[in-house]
Amino acid sequence: MARMQLFLLPFLEIVLLAEASFLLGQSSPRDIMMGNSSLIDGQTLISAGSVFQLGFFSPVNDSGTSYIGIWYYNLPPRESKVVVWVANRNRSVDTSMASLNLTSDGNLILFEEGTKVWSTGRPAELNSVRLQLLDSGNLVLTASNSSRTLWQSFDHGCDTLLPGMKTGFDFRTNTSWQFMPWTSATDPSPGKYVAKIETYNVPEFYTVSVNGSLKLFRTGPWNGQWFSGLPQMGSNIVLTHLNFTYVSNQNEIYYMTEYQTRSPELIRVLVFTNVSYQSWSFVEGEWRIIFSFPSDDCDYYNHCGRNSVCTKGYYSTSCRCLEGFVENKSVVGCARKEPLLCSWNQFSKEPSVKVPDTENATSGGNISLDSCKKLCLDDCSCVAFAVINGPYGCITWRGELLDLRSFTDGGDDLYIRLPGSSTSNLKKLVWAIVISVLLGFLLLCSVGVLARRRRNRASTCRLQLQFPNVQKDVLPSYDLRTIKAATNDFSDENKLGEGGFGVVYKGQLEDEQNIAVKKLSRYSSHGPDEFQNELSLIAKLQHRNLVRLLGCCIEGYERLLILEYMENKSLDAFIYDKAKSSLLNWQRRFNIIIGIARGLLYLHQDSRLRVIHRDLKPSNILLDKDMNPKISDFGIARIFEGDNALEDATTRPVGTM
Ligand SMILES: *[C@@H]1O[C@H](CO)[C@@H](O)[C@H](O)[C@H]1NC(C)=O
Ligand SMILES: *[C@@H]1O[C@H](CO)[C@@H](O)[C@H](O)[C@H]1NC(C)=O
Ligand SMILES: *[C@@H]1O[C@H](CO)[C@@H](O)[C@H](O)[C@H]1NC(C)=O
Ligand SMILES: *[C@@H]1O[C@H](CO)[C@@H](O)[C@H](O)[C@H]1NC(C)=O
Ligand SMILES: *[C@@H]1O[C@H](CO)[C@@H](O)[C@H](O)[C@H]1NC(C)=O
Ligand SMILES: *[C@@H]1O[C@H](CO)[C@@H](O)[C@H](O)[C@H]1NC(C)=O
Ligand SMILES: *[C@@H]1O[C@H](CO)[C@@H](O)[C@H](O)[C@H]1NC(C)=O
Ligand SMILES: *[C@@H]1O[C@H](CO)[C@@H](O)[C@H](O)[C@H]1NC(C)=O
Ligand SMILES: *[C@@H]1O[C@H](CO)[C@@H](O)[C@H](O)[C@H]1NC(C)=O
Ligand SMILES: *[C@@H]1O[C@H](CO)[C@@H](O)[C@H](O)[C@H]1NC(C)=O
Ligand SMILES: *[C@@H]1O[C@H](CO)[C@@H](O)[C@H](O)[C@H]1NC(C)=O
Ligand SMILES: *[C@@H]1O[C@H](CO)[C@@H](O)[C@H](O)[C@H]1NC(C)=O
């Protein structure tokens, strides 16, 4: 209720203003202009509910040059107009010599000294027309006798999408509903970029250079509720403000934002070097960003190059080749390890990603995952597929896979084609019989060993999580060679510390980044479960007081965790050493205590998971170069969840003896 009243305040003010102008003998504000009349500087149209105003404005004070535009009426500060639409974007006029004439034959023309500067187009040849500024911000030219729309400003967007405005393509007229930012804050002429929906087989919303050769960012295809590459669009906070519509048929294809019926506020979407959804806060008197994109490096088109996945970490952004691809200096990104063959019939799943650019993709419609897989296998050039909710369903890709990123929440699963056995079922059967006859007994004996080897040979950090309700994350995987090179083949000089679990080494990657490598001992009590536990937990926790996991390496029997390198080692090295402990003044000690407390608060309360560390001790508190503390070693940590919290209770002593 209070919100509603605040919303009404400006209108109250407008009523008072209207009264004042009445007292001054001026004509009352009008929202309609009839044919055979004109508008000159100082005259304006104001929408019936006093939301928008149309008239001449000048982006530079007292410059004498001006444009016809529409702006919010009465938004503070009153001197600076928040312009949402400009008619003569390309060419300004001298205010004193310009007039906007609505001819009786239905053409709206801006004249400067009798010269036509801008117009709505060819005359509609109607006797009676009217021009009206609506409360939505739309300027509409209609035939008075039929109320048929002849022209509307919503079809000719500038840089602001208002609720009810379409972005897309009209196949009936071959015109694009699109948006182009101003060249600069004082020059409304179209800038270098355009935001629009590309009508590919699987359409997407893109920002591209005007010449079309450079893509800046894209949203991914529509998933029935939002753009699949913008999971933030589906969050509750966004959906309490906005209501999205997406229509695709033979006449038109468009995307539209509308007010959520219960939101009494002003909304605009500003297309600039980014696209930001904003709402006007009457309380603060400023525009608030609801959400915007690009929101991080990975949102920029093809940030990692082809056939790779961009991952935004807490501190940095990383790139990783898709399975079946390797880094290759001759291309930006990754190239195939071996050429694609028609017989390839395996797929590797890339979970929770923004699917690749759909420029050359094909939609197979609303079919099951299995049918989609079959569709891909039947096409020798198909390299990947995904099934997305919404109008496009099964999508298959050919050629390079561009602009993938991973999400911690949201995104879709992409299946990438990999080499697989091409043997026929008959051959398989023969082989199975031969093997079972000859090796049956032997095989049974060695099953355990084989299974173990296979598990250990997995070359990525993809995990089978033992925890329910936790999404799988995929961490960058390093190969053993890289890590051996970085740690000087695990040399003793590089040893940082040792524990029951194995040894920690210092390393330096090719790009000079320092890392800490935790090498788990083959014989340690800190077995595979602890390793999995640590890997899965720490990958999901991101906080500046927790040690960050950069990746892992699983090769043969080796299990390595790649962690950020902490210059000042661990806290025990300071507090149990007389000389060093003097380096810790009270301010530093206080900072360390606060840092640990923050880390714990995050673990216990603020993270997506509730985690109990169970082995917190000075040697597990690491210090970076600025002596900021970070909690490490999640080998025996546990998730503590609402429903089964009590059952999870620990019944035996754990941690350090
Ligand atoms: C337009 O208006 C002017 C006077 O305002 C009038 O003289 C003229 O006849 C009108 N033209 C048409 C086509 O109605
Ligand atoms: C234009 O003039 C107004 C009032 O004098 C001032 O507040 C505003 O900052 C000026 N704008 C520019 C772009 O100079
Ligand atoms: C502005 O001018 C460019 C070329 O100079 C033209 O392509 C474009 O259509 C014009 N835009 C408008 C809104 O008139
Ligand atoms: C535009 O309208 C004004 C006022 O009605 C009129 O004086 C002027 O001649 C018109 N301009 C043209 C080019 O018709
Ligand atoms: C409206 O007026 C135009 C031109 O005078 C005419 O062609 C059209 O038939 C009229 N429409 C209706 C619904 O009367
Ligand atoms: C739109 O463009 C397509 C291809 O360029 C063309 O075939 C079609 O006739 C055009 N339609 C209209 C209404 O101009
Ligand atoms: C297209 O525009 C972009 C950005 O303005 C520019 O970098 C690129 O060189 C242009 N390409 C061509 C072929 O003109
Ligand atoms: C969203 O907009 C559509 C179309 O205007 C409307 O039918 C629907 O009820 C709206 N949804 C909500 C939750 O307001
Ligand atoms: C959008 O871009 C502008 C200019 O580059 C920048 O000032 C602004 O902070 C950006 N907004 C968001 C939400 O990223
Ligand atoms: C990189 O790709 C090119 C062409 O695809 C290929 O000829 C070359 O062998 C690749 N290099 C490496 C190191 O894989
Ligand atoms: C789609 O195919 C065209 C023509 O082969 C190519 O230039 C373009 O880069 C491809 N786009 C994507 C996203 O792969
Ligand atoms: C896809 O098909 C299923 C079952 O045939 C149906 O329930 C679902 O609504 C369809 N989805 C769309 C987006 O049409």
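Note that the structure is predicted; figures quoted are calculated from it, not measured. As the structure lists them, so they are numbered: ligands from 1, and atoms in each ligand from 1.
A salt bridge between Asp413 and Lys349 is present, with a side-chain N of the basic residue lying under 4.0 Å from a carboxylate O of the acidic one. Salt bridge Asp412/Lys354: absent, no basic N to carboxylate O contact under 4.0 Å. Ion pairing between a basic and an acidic side chain is recognised when a charged N comes within 4.0 Å of a carboxylate O; Glu204 and Lys196 show no such pairing. Salt bridge present: Asp403 and Arg218 bring a charged side-chain N and a carboxylate O closer than 4.0 Å.
Each of the atoms 5 (O) of ligand 7 lies under 4.0 Å from some heavy atom of Lys192.
Under the 6.0 Å distance and 45° angle rule, Arg268 counts as a cation-pi partner of Trp287.
Counting only N and O atoms by type, the side chains of Asp105 and Thr103 include a donor and acceptor under 3.5 Å apart.
Ligand 7 has a nitrogen or oxygen under 3.5 angstrom from a nitrogen or oxygen of Ser213. Residue Asn211 has at least one N or O atom closer than 3.5 Å to an N or O atom of ligand 7.
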Inset, instruction - Take Cys372 and Cys394 through the test disulfide (SG to SG under 2.5 Å) and record every step on the way to the result. - result: CA-CA 6 Å; Cys372 192; Cys394 164; 2.1 Å; yes
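Residues lining ligand 10 at a heavy-atom distance below 4.0 Å are given as Asn328, Ser330, ordered by chain and residue number.
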